[in-house]
Amino acid sequence: MRTARLGPAERGQALAAMAERELDVLVVGAGVVGAGTALDAVTRGLATGLVEARDWASGTSSRSSKLIHGGLRYLEMLDFALVREALKERGLLLEKLAPHLVKPVPFLYPLQHKGWERLYAGSGVALYDAMSVSSGHGRGLPVHRHLSRRNALRVAPCLKKDALVGALQYYDAQMDDARYVATLVRTAATYGAHVAGRARVIGFLREGERVVGARVRDVESAHGEGAGEYEIRAKQVVNATGVWTDDTQALIAERGQFHVRASKGIHLVVPKDRIHSSTGLILRTEKSVLFVIPWGRHWIVGTTDTDWDLDKAHPAASSADIDYLLEHVNSVLHTPLSRDDVQGVYAGLRPLLAGESDATSKLSREHTVAHPVPGMVVVAGGKYTTYRVMAKDAVDEAVHGLDQRVAECVTEDVPLLGAEGYHALWNARARMAARTGIHVARVEHLLNRYGTLVEELLELIAADPGLGRPLAAAEDYLRAEIVYAASHEGARHLDDVLTRRTRISIETFDRGTRSARECAELMAPVLGWDKDRIEREVEHYEKRVEAERESQRQPDDQTADAARLGAPDIVPI
């Protein structure tokens, strides 16, 4: 099966195809749930379309803690069903669906009380491991272990001696969330889904009460009224717009049976050498939990959990948010972190179902599927790890409105692009390095980002050996990856590449500004940019970074939001 390319030509063809013939299912929103829904629908044999107002995963799904986990803290809330479901999904992703993208990661949980805490926390982690194995997909991770204070400090010398009396170490998993979604979208397209980013739903088509499709504006080409607009008809429309769920429902004057509330979580990225540890850390705070997560040559420190009712597209991290994380992580670190250690900051919004509790950290992470009006299904809530279950439930609900027999969900047995043959290529990575002349460490980097699709990047490098060089100011990434993002992965703008296809925007102290021009010049031939367009993309990106830096100097959410809005979107939405 040939893999789908998501370049400019293919995007135009997808929009035209969606407008030409009625779809069975049109999915609105290409975060992890929307992308998963499109894959679920198309692999059941349904004519499927997927549209996204911005870039794949540009909302919540690129700004998470990057963890695939069962939700250890939900055991404490006695939410066993949610944990069991998430652990099964974690195992599936690690073992079958995306072993190239989802990797095991160890966490150390410092114990601060003798006796009872080891028994209490140890029982919880033991149950977590047991539920993982009983799911049938949890044998790939090591089981937890109990550590004395001396052994805990041996694996995590960064900790203060008086910050713990002992520790537990257990395993979860992690992924690059935005890369995962981009791969999910391409997988759906490979199976026949029509997909288009920068295609905004501006209204729904109605026949009486029934929703029969959507009016979609191609925001890349819509310069006047009626320009670049499409009527896409579909038997069922799935609203998978996350924190925008209520806004999307408002287009048909129907809020539905539930309300989605946004909770802001921010993360800091710091260099690896600032925290001396061979394991991630999980710490309790008065409001939630704090993670210190290994991330290549960096650590991710997060997260906060605060109500947010300001701009949803660009949630801003304030100075108070950053101080909160630094204060809490420094309470256990032998050598404290300072503002100068922070390479990157990002803020995301969790879509929580309102109604369960006033405190966002207590709101349920379970999901809901509803059919508020004929022809429209709404799916909301949930957590990244269980996206596949959410997608299955959404398509199951949509199928009720289709006058035809439809196959059952098969996504439990549909690996993402790059997964098939990944382990064999990984075992042969030294030979691949010798064959291509690319250092084995670079080959490993590519395999863990693209899996067996690495061959497509190697073809680009064979045709233009200059693409085998690293970026001048972001040496973790090869120049070929920038070209590939635009030609194969649907990247339309510099921001898409520096923020989501790569993580240069949070992994360098300059936040990607020193790489901006080189990347824009690499994208230009693929996307047909002239010199003026290159200048515009670079200038926009620099303004975006400055607005983010300014927002992070502000004392509270209101002033941070105002500062972040100082940089307009490259494409007005």
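Atom NE2 of H328 sits in a crowded spot, with more than 12 heavy atoms from other residues, nucleotides or ligands closer than 6.0 Å. By the neighbour-count criterion of 12 heavy atoms within 6.0 Å, atom CD of E475 is sparsely surrounded, having that number or fewer from other residues, nucleotides or ligands. Enclosure of atom CZ in R297 is not indicated, since only 12 or fewer non-hydrogen atoms of other residues, nucleotides or ligands lie within 6.0 angstrom. R431 CZ: 12 or fewer foreign heavy atoms inside a 6.0 Å radius.
With D556 contributing its side chain and T559 its backbone, the two residues share a donor-acceptor pair below 3.5 Å. In this structure a side-chain-to-backbone donor-acceptor pair under 3.5 Å is present from T60 to L349. Side-chain atoms of W56 come within 3.5 Å of backbone N or O of E489 as a donor-acceptor pair. No side-chain donor-acceptor contact under 3.5 Å links S65 to the backbone of L67.
Residues H267 and F291 have side chains not in contact (no heavy-atom distance under 4.5 Å, counting atoms from C-beta outward). Counting heavy atoms from C-beta on, the side chains of L159 and L164 come closer than 4.5 Å. Under the 4.5 Å side-chain criterion, counting only non-hydrogen atoms from C-beta, W299 is not in contact with D341. A heavy-atom distance below 4.5 Å is found between the side chains of L92 and R388. A heavy-atom distance below 4.5 Å is found between the side chains of K66 and R503. Within the 4.5 Å cutoff, no side-chain heavy atoms of D176 are placed close to those of L101. Side chains of S319 and D323 form a contact here, defined as non-hydrogen atoms less than 4.5 Å apart. Side-chain contact between I438 and L458 is present, with heavy atoms from C-beta onward closer than 4.5 Å.
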Checklist line | side chain to side chain contact (heavy atoms under 4.5 Å, CB included) evaluation trace for V379 with T368 | finding: CA-CA 6 Å; V379 56; T368 294; over 6 Å; no
Margin query: Applying salt bridge (Lys or Arg N to Asp or Glu O under 4.0 Å) to R501 and D496, what does each step give before you reach the verdict?
Written below: CA-CA 6 Å; R501 301 304 182 281; D496 300 343; 5.2 Å; no
Next item on the list: Start with the C-alpha distance between R179 and V181, add both sets of side-chain angles, then the distance that settles side chain to side chain contact (heavy atoms under 4.5 Å, CB included), and finish with yes or no.
Entry: CA-CA 5 Å; R179 169 140 302 283; V181 175; over 6 Å; no
Next item on the list: Give the intermediate values and the outcome of side chain to side chain donor-acceptor pair (under 3.5 Å) for residues R544 and T499.
Entry: CA-CA 11 Å; R544 196 208 88 155; T499 307; 3.0 Å; yes
Next item on the list: Tell me, with the steps shown, if E518 and R479 meet salt bridge (Lys or Arg N to Asp or Glu O under 4.0 Å).
Entry: CA-CA 9 Å; E518 183 180 8; R479 289 161 56 87; 2.8 Å; yes
Next item on the list: Let me see the working for S263 and L352 under side chain to side chain contact (heavy atoms under 4.5 Å, CB included), right down to the final yes or no.
Entry: CA-CA 7 Å; S263 163; L352 302 177; 3.6 Å; yes
Notebook entry, point to check: Can you check side chain to side chain contact (heavy atoms under 4.5 Å, CB included) on D557 and W308, steps first, answer last?
Noted result: CA-CA 8 Å; D557 283 353; W308 179 264; 3.6 Å; yes
Let me have the donor-acceptor pairs involving side chains of residues 102-115, under 3.5 Å, with sequence neighbours excluded, atom names and distances please.
| residue | atom | partner | partner atom | Å |
| --- | --- | --- | --- | --- |
| K103 | NZ | P99 | O | 2.9 |
| K103 | NZ | Y422 | OH | 2.5 |
| K103 | NZ | N448 | OD1 | 3.0 |
| Y109 | OH | E117 | OE2 | 3.4 |
| Y109 | OH | R284 | NE | 3.3 |

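Ion pairing between E456 and R449 fails under the 4.0 Å rule for side-chain N and carboxylate O. Between K88 and E412, at least one side-chain nitrogen of the basic residue sits less than 4.0 Å from a carboxylate oxygen of the acidic one, meeting the salt-bridge criterion. Salt bridge annotation for K392-D40: absent, with no cationic side-chain nitrogen under 4.0 angstrom from a carboxylate oxygen.
A98 and Y180 make their closest contact through CB-CE1, 3.7 Å (heavy atoms, listed as atom of the first residue, atom of the second, distance). Contact detail for E507 and Q343: the closest heavy-atom pair is O-NE2, 3.2 Å. Of all heavy-atom pairs between R90 and A173, the closest is CG-CB, 4.2 Å. Nearest heavy atoms, A86 versus H69: CB-O, 3.7 Å. Summarising the geometry of V32 relative to L184, their closest heavy-atom pair is O-CD2, 3.6 Å, with the distance given to 0.1 Å. The shortest heavy-atom contact between A178 and S62 is CB-CB, 3.7 Å.
Checking D309, D321, D561 one by one against K264, the salt bridge (Lys or Arg N to Asp or Glu O under 4.0 Å) holds for a single residue, D321.
Note on ring orientation: taking the six-membered ring where Trp is involved, the planes of Y120 and W116 are tilted (angle from 30° to 60°). Classification of the H144-H146 ring pair by plane angle, with boundaries at 30° and 60°, yields perpendicular.
Taken to the nearest 0.5 Å, the CD1 atom of I322 stands 10.0 Å off from the CZ atom of R553. In this structure, L498 CG and C519 SG are separated by 4.5 Å, a value rounded to the nearest 0.5 Å.
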